[in-house]
Amino acid sequence: MSIFIDNSTTVIVQGITGRDGGFHTKQMLEYGTRIVGGVTPGKGGQTFDGTVPVFNSVHAAVKATGANTSVIYVPPMFAADAMMEAADAGIRLIVCITEGVPVLDMTRVYPFVQEKGARLLGPNCPGLITPGQSKVGIIPGRICTPGHVGVVSRSGTLTYEIVYQLTRAGMGQSSCVGIGGDPINGTNFIDCLSAFENDPDTHAVAMMGEIGGTDEQEAAEFVATRMTKPVVGFIAGQTAPAGRRMGHAGAIISGSAGTATEKIEAFEQAGMGVAKRPIDFVTLLKARM
Amino acid sequence: MSIFIDNSTTVIVQGITGRDGGFHTKQMLEYGTRIVGGVTPGKGGQTFDGTVPVFNSVHAAVKATGANTSVIYVPPMFAADAMMEAADAGIRLIVCITEGVPVLDMTRVYPFVQEKGARLLGPNCPGLITPGQSKVGIIPGRICTPGHVGVVSRSGTLTYEIVYQLTRAGMGQSSCVGIGGDPINGTNFIDCLSAFENDPDTHAVAMMGEIGGTDEQEAAEFVATRMTKPVVGFIAGQTAPAGRRMGHAGAIISGSAGTATEKIEAFEQAGMGVAKRPIDFVTLLKARM
Amino acid sequence: MNIHEYQAKELLRAEGVPIPPGEIASTPEQAEAIAKKLGGMVVVKAQVHAGGRGKAGGVKLAKSPEEARELASRILGMKIKGLTVHTVLVTAAAEIASEAYVGIILDRATKKPVFMVSAAGGIDIEEVAATTPEKILKLPIDTRYGLLAYQASELGFFLFDDLKKVRAASKIMMALYQAFMKNGASLAEINPLVVTLAGDVIALDAKISIDDNELDRHPELEALRDETAEEPSEVDARNSHLTFIKLDGDVGCIVNGAGLAMATMDLVKYYGGEPANFLDIGGSSNPEKVVNALRIITAEPHVKAILFNIFGGITRTDDVANGIVTATKANPLKIPIVIRLTGTNEEIAMQILTENGFTASSDMDEAVKKAVALAKGGQAA
Amino acid sequence: MNIHEYQAKELLRAEGVPIPPGEIASTPEQAEAIAKKLGGMVVVKAQVHAGGRGKAGGVKLAKSPEEARELASRILGMKIKGLTVHTVLVTAAAEIASEAYVGIILDRATKKPVFMVSAAGGIDIEEVAATTPEKILKLPIDTRYGLLAYQASELGFFLFDDLKKVRAASKIMMALYQAFMKNGASLAEINPLVVTLAGDVIALDAKISIDDNELDRHPELEALRDETAEEPSEVDARNSHLTFIKLDGDVGCIVNGAGLAMATMDLVKYYGGEPANFLDIGGSSNPEKVVNALRIITAEPHVKAILFNIFGGITRTDDVANGIVTATKANPLKIPIVIRLTGTNEEIAMQILTENGFTASSDMDEAVKKAVALAKGGQAA
């Protein structure tokens, strides 16, 4: 078991002939992900890497391949359209890797995707992986190993760091999900926590938050009231100054709201384990599993 | 019993201090409709006709009165906003009398109202009446009498004509609903037929369609497949030329589509009674009840 | 409201649709001057609110300015489907490689504007839709989101394979949608959308209909109305705030409410007569409307009898009765009149009419039968 | 991206928000000339990207052009929260009857722009929100529909009773929303929105922040950027496509990925050190970014040690290693460097570093501890 993707997931890549899209498509194929098609307008009829058919539109790709999942590597100004196209074409899980999507675009994309009944992950996220089955996005496959820790994070490389440390300590993962660092995104912590709670193969959850917003506080409330499985949390940005955007568009302390301190307090009040350093996840999770 | 409104319906009037709004509010009060408030921006705090409190917004009116229904008499250019305001304020049934609402406005109003879970009747409709209980709109109360015929129509005065003839023949009505003559409206024939089918107090339905569109054909299909109660239909506009808008924005034969002939054929195929003249409703319904 | 081709083209050009240059002329000399200015071959096109201009000889290719003048002199003044041509558009001719159809209609079923495109262009789209629907792509647009880039691209790919043409077509789709929305249209059509021998994608003909309900919001569009292209009686009626459509029968109908007006016409036909018009005096009780309605209807020589059918709801029947009395006093009627009224203030109305020498009935069928008989020159039943 | 008050006012004026006339000056003489042209009393306002200008003495009322010159000469060159004032806005003074607050922020929780209005104006809205939330109306706007008329009216009625003022305020709400949307803002504020003694509703101060992600779409807004109002090192970093924020500590951090960069800073603090900066070299493996990052960080005299923390995913660690070698060959380091890298091509990277005399670790905690110790002048652990 796993959340969101497994070995039955069939994927199309939007922007497959681009630099990033091409690179990561190869990585995903190597990992064993079932990439069934790609989309680049004007390159319909071509083949990517000798095996993957390319289409002019997501509609055409879905019609021909029956794909249920899409991963998006297109430039930021085209990402909103790509997400809406995927939702409109009947894609069930849309993973948008693109960073730099204007936030106002997302105020239209979000309700559009909701209306179509699809799940959106991202934008500005590393995607997700179910070790040994499928990876959709850019999380390096070789740092992961199958197991029972669910991982959910707002960040990319920080997630890799923690997954790497878990794997080194012999703790495999059920699924690892990067929800992305933007202020408006499709899937939030609670969506993932809820899925992990319902996934029999997940025994505990590692959750990496950061400064900005109140998603972590709401997630803590969810952990306290709705979850039976242990959750260990971490917040990046304890040393971040107020009012500055720390790389991620969403990682900003607005006035006095969204600080690491208030998030860590929420974790503690929810009875969660709190990792002070990335390495602490190993001991805290071990103690709880 | 009845459909959509009864003596528990509480109504606010949008545009209550206008000429039409004021006139019909008095008519509705006279009929016994529970008018609990009115809305005219800038006249909040005043009283209409000595009894009805006026508010600056629908939100304020709903908050103060708990009204579940709204009836709209505002100029055409303000009608879209009025409908959306009512839906946003939690009104469950919105009746828009206003004629001349731009059709493109309705392409936004319709999904807005749907999203809020409200029912819209109209625009460009005479409203509805449940004889002896409540009337919302402009249907003359004195031509109606309580009974068991459900009446649904795209037209105003034609409906009065037929209701008048039914009443004269001793056939009372459960509810009479004018869905309006515009090409895009909130409630269609099927919505009303379905409600009449589920209303134990309705024993048969009189349905008045007209040229333009395919609503009557779809309604006939619904009658054939989903209704147990007898339905008698009429189509106005058999002598209308193609391509001309016959008063109602929706009453237009486009190319060869939307003719009276094809609608009447659909009624016949559905096994419905077909009234060739308004007066035929009396005999056709009597034969079926 | 319909507008002329040249007006529709101006609205599309404002949004960036590529359209061959052209100007309008109302004399052959103007046509010649425009052709000279444009250079090369030109097309002279009748500007009337009627389809089938080409078949009627209203669209002609001219190889020289002299020929343009000659053709304009033939087309100007020509009648197409009963409408006189007052204006021609003189526009540069294009060398056509292929033709497509692109249109947007406001669709009742989806409650959305719907794009219809077909590579089978320059044709009657209704016929294509009926016979070979697979040749048409229909794409409803959610106006909350507008025409999205991927949709414009899908429409383009339905017409063309070559990416350059797809992009050009997608841009035109966007522009057409903008023109549709900005101008409150109920229909906007480019037919044909052509690919020239040089590979450019351009609009050769355009049609836009404006939703009448939008005109209050768009005075600049109301100004595009060409009253010379309409029935004079209908122009008169509109200016008197009456909804009126002229027909060929002999029973003039004056009714309140569109549905009842249609039902009245149908009943005239049912009882063997022919309605002379559709006329809805609307819901208000203004006696002046009755006066205007009588004036417009009696101006038609083929009208042999007048039928009033008034169901008083909002409309007060006594107001209508007063209107009839006032109008007929000022301009005595030369043809018989049959009055049916019922509803609000019916007794007062009956009294007014009786006192002034009119008879009136409260039964619709009876009144219609009587009017039909009178129009046929017979006696009232 | 923040823009100055006068720039924000231009964007609002373009949408029709009533704003007192004014111009900017960079010399006292210009200020005097503007004041003379405006006539009457003027306000001289420092244009810096910092709050609390008033308290810092950066906003002053002048009764005459001479006084405007005198005040401008005092304000120009003044430092407010570390930022030097290069420009003042000289604007007509208003006679204030009452002050209100109107703002739009892009709200994460509702995923919508949210209006915040309060009749308690000219104040810190965050404080009002915290202490007396009932004095604020918060209204989320669905951008698919835009700000609807009834919403603008509701916002107006929350501030005023008088219909004339409500209408004026509603119009300003519409204009503010347009400005917010058109310019890809993340915040747009009128504070205070004032009613003058004459009863007019006008905007006295304005603030707009642009979503950095919108700038590619809005080159005209990118042009509003005032680099003189920013940290030179941050300007340099942005022009080198690095995400960099200067801090006061002594451990310079070079990391790939924003989350890991923050976590690295936190770990520096955890082990008793102070990070000198946030720096994310991003996901690409461009060695030039490493070169630029080292240049910018080593230019700060307070940086005592450099810490690389690279987790190779997309980023190839050998590229980073090559960047380090290149940069340090061109500009030999004067302070110690600690390198942690793991992931893609880790072995090759280690070899490159070793061959060039560097040591590197694959353990994050170990590397951070070492960097902290070195910055403190101690030995590497």
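No hydrogens, no waters, no symmetry mates; every other heavy atom, side chains included, goes into these values. Proteins get letters first, then strands, A, B, ... in listed order; numbering begins at 1 in each.
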Just checking, any donor-acceptor pair under 3.5 angstrom between side chains of Thr344(C) and Thr317(C)? no

Tyr177(C) meets the ring pair (Phe, Tyr, Trp, His ring centres under 6.0 Å) criterion, sequence neighbours left out, with none

Pair count under 4.5 Å, heavy atoms only, with chain B: among Asn256(C), Leu279(C), Thr264(C), highest is Asn256(C)

Which bit of [X] comes within less than 4.5 Å of chain C, counting heavy atoms only: side chain, backbone, both or neither?
X         : value
Ile235(B) : backbone
Asn185(B) : both
Glu161(B) : both
Pro76(B)  : neither
Phe112(B) : neither
Ser254(B) : backbone
Tyr160(B) : both
Pro102(B) : both
Arg245(B) : both
Met246(B) : both
Leu104(B) : both

message = Tell me whether the rings of Phe311(C) and Tyr164(B) are parallel (<30°), tilted (30 to 60°) or perpendicular (>60°).
response = perpendicular

Under the 3.5 angstrom rule, does the side chain of [X] hit a backbone N or O of [Y] as a donor-acceptor pair?
X         : Y         : answer
Thr214(B) : Gln217(B) : no
Thr33(B)  : Val136(B) : no
Arg154(B) : Gly250(B) : yes
Asn277(C) : Cys253(C) : yes
Asn183(C) : Leu221(C) : no
Lys116(B) : Met84(B)  : no
Ser240(C) : Asp236(C) : yes

Would you mind checking which part of [X] comes under 4.5 Å of any heavy atom in chain B, side chain (CB onward), backbone (N, CA, C, O), both or neither?
X         : result
Asp266(C) : both
Ser186(C) : neither
Leu247(C) : side chain
Glu234(C) : side chain
Lys111(C) : both
Asp365(C) : side chain
Ala263(C) : both
Ala185(C) : backbone
Tyr145(C) : neither
Asp363(C) : side chain

Salt bridge check: are Arg217(C) and Asp105(B) linked by an N-O gap of less than 4.0 Å? yes

Salt bridge Glu222(C)-Arg225(C), side-chain N to carboxylate O under 4.0 Å = yes

So the side-chain hydrogen bond (donor to acceptor under 3.5 Å, both in side chains) pairs with at least one residue in residues 22-32 of chain B (sequence neighbours excluded) are none

